[in-house]
Amino acid sequence: VLAMTVFAMLAIDPRCVFDVGAQLSVSALVGLVFFSPSLKIPTRHKIDKYFRSKMRRHFVKNLWLEIARRSAILLRSVVVLFWVSFSASMFTAPLVVYYFHQFQPWQSIVSVVLIPLTSFILYLAVFVVLVCAIGLQSVTFLLSSILDWLMDLQDSVLRFSASLPY
């Protein structure tokens, strides 16, 4: 599929071979394709099955097992997010250093925070636009204030990561 995509890109515009964005996108996808099969983390279904088999009738024990199950699922999500970010970063690193003459080693760790935050910001922004189109000004103002605060938080994380030594 990746080869067909690159072939289609080259058929449409052969100059995209020299486009930095296209090179970074293809190298990141190659990293994801090569590293993803080596990721041997239990699926959410396996985590659920393991903890469900441990649950008994005792309420307190079940409560702690449920907390442990949810923590395991959250930890799995963080590890997968880190691994995906790390694999894409490692395959794009040579191009980033070549074109931009710098490499941020913290980017995989920072991405664990920024990717979910950015996704939430985008969904909230679309929701704000829809609420604004309906005409609910007070709700729009409240959601816009939250959106502004989240974007400030995102900017702070980016500034902090840029200030880290490399």
Side-chain angles (χ1 to χ4, degrees), residues 1-6 9 16-55 63-130 142-166:
V1 175
L2 182 60
M4 290 182 348
T5 304
V6 171
M9 286 171 52
C16 76
V17 169
F18 305 107
D19 184 40
V20 178
Q23 292 175 3
L24 288 170
S25 296
V26 170
S27 64
L29 283 173
V30 168
L32 294 176
V33 167
F34 282 128
F35 273 132
S36 293
S38 65
L39 187 59
K40 301 291 186 207
I41 296 176
T43 62
R44 183 178 179 160
H45 175 71
K46 288 183 181 178
I47 292 171
D48 279 341
K49 186 176 175 183
Y50 172 79
F51 281 104
R52 298 278 184 222
S53 69
K54 302 288 184 194
M55 289 191 174
L63 180 65
W64 285 110
L65 282 172
E66 183 64 23
I67 291 171
R69 182 185 73 83
R70 290 178 187 249
S71 299
I73 290 171
L74 180 65
L75 180 62
R76 180 198 177 279
S77 301
V78 169
V79 168
V80 167
L81 187 60
F82 174 78
W83 188 255
V84 166
S85 177
F86 179 76
S87 62
S89 298
M90 289 303 101
F91 268 75
T92 58
L95 290 173
V96 168
V97 170
Y98 178 75
Y99 285 116
F100 305 111
H101 311 292
Q102 63 181 357
F103 179 72
Q104 184 66 273
W106 308 108
Q107 67 189 13
S108 296
I109 297 168
V110 173
S111 294
V112 171
V113 174
L114 283 180
I115 290 172
L117 181 61
T118 303
S119 298
F120 185 72
I121 287 171
L122 288 172
Y123 289 128
L124 184 60
V126 169
F127 187 67
V128 167
V129 169
L130 293 175
L142 175 68
L143 292 175
S144 298
S145 300
I146 294 170
L147 186 62
D148 185 49
W149 180 81
L150 288 172
M151 290 192 306
D152 286 342
L153 177 65
Q154 179 186 34
D155 188 50
S156 299
V157 171
L158 284 169
R159 288 182 191 278
F160 174 73
S161 69
S163 70
L164 292 173
Y166 51 93

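- Using cut-offs of 30° and 60° on the angle between ring planes, the pair Trp83 and Phe86 is tilted.
- Closest approach of Met90 and Phe103 over heavy atoms only: CE-CZ, 3.7 Å.
- The side chain to side chain contact (heavy atoms under 4.5 Å, CB included) check on Val17 picks up Leu10, with sequence neighbours excluded.
- Ser161 meets the side-chain hydrogen bond (donor to acceptor under 3.5 Å, both in side chains) test with no other residue; sequence neighbours excluded.
- Rounding to the nearest 0.5 angstrom, the gap separating the CG atom in Asp155 from the CZ atom in Arg159 is 4.5 Å.
- Considering only heavy atoms from C-beta on, Val110 stays 4.5 Å or farther from Phe160 through its side chain.
- Closest non-hydrogen pair, Cys16 versus Ala22, comes out as O-CB, 3.6 Å.
- In this structure, Tyr99 and Gln23 approach most closely via the heavy-atom pair OH-OE1, 2.6 Å.
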Distance-only check: which donor-acceptor pairs under 3.5 Å involve side-chain atoms of residues 144-154, not counting sequence neighbours?
unit_1	atom_1	unit_2	atom_2	d
Ser144	OG	Thr140	O	2.7
Ser145	OG	Phe141	O	2.9
Gln154	NE2	Thr118	OG1	2.7

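- Closest non-hydrogen pair, Ala28 versus Ala88, comes out as CB-CB, 4.1 Å.
- Taking CZ from Phe91 and CG from Leu29, the interatomic distance works out to 11.5 Å, rounded to the nearest 0.5 Å.
- In this structure, the side chain to side chain contact (heavy atoms under 4.5 Å, CB included) partners of Leu75, at least two apart in sequence or on a different chain, are Val79.
- By the side-chain hydrogen bond (donor to acceptor under 3.5 Å, both in side chains) test, Ser27 pairs with no residue at all, sequence neighbours left out.
- The main-chain N or O of Ala162 is never found under 3.5 Å from a side-chain atom of Trp106 such that the two would form a donor-acceptor pair.
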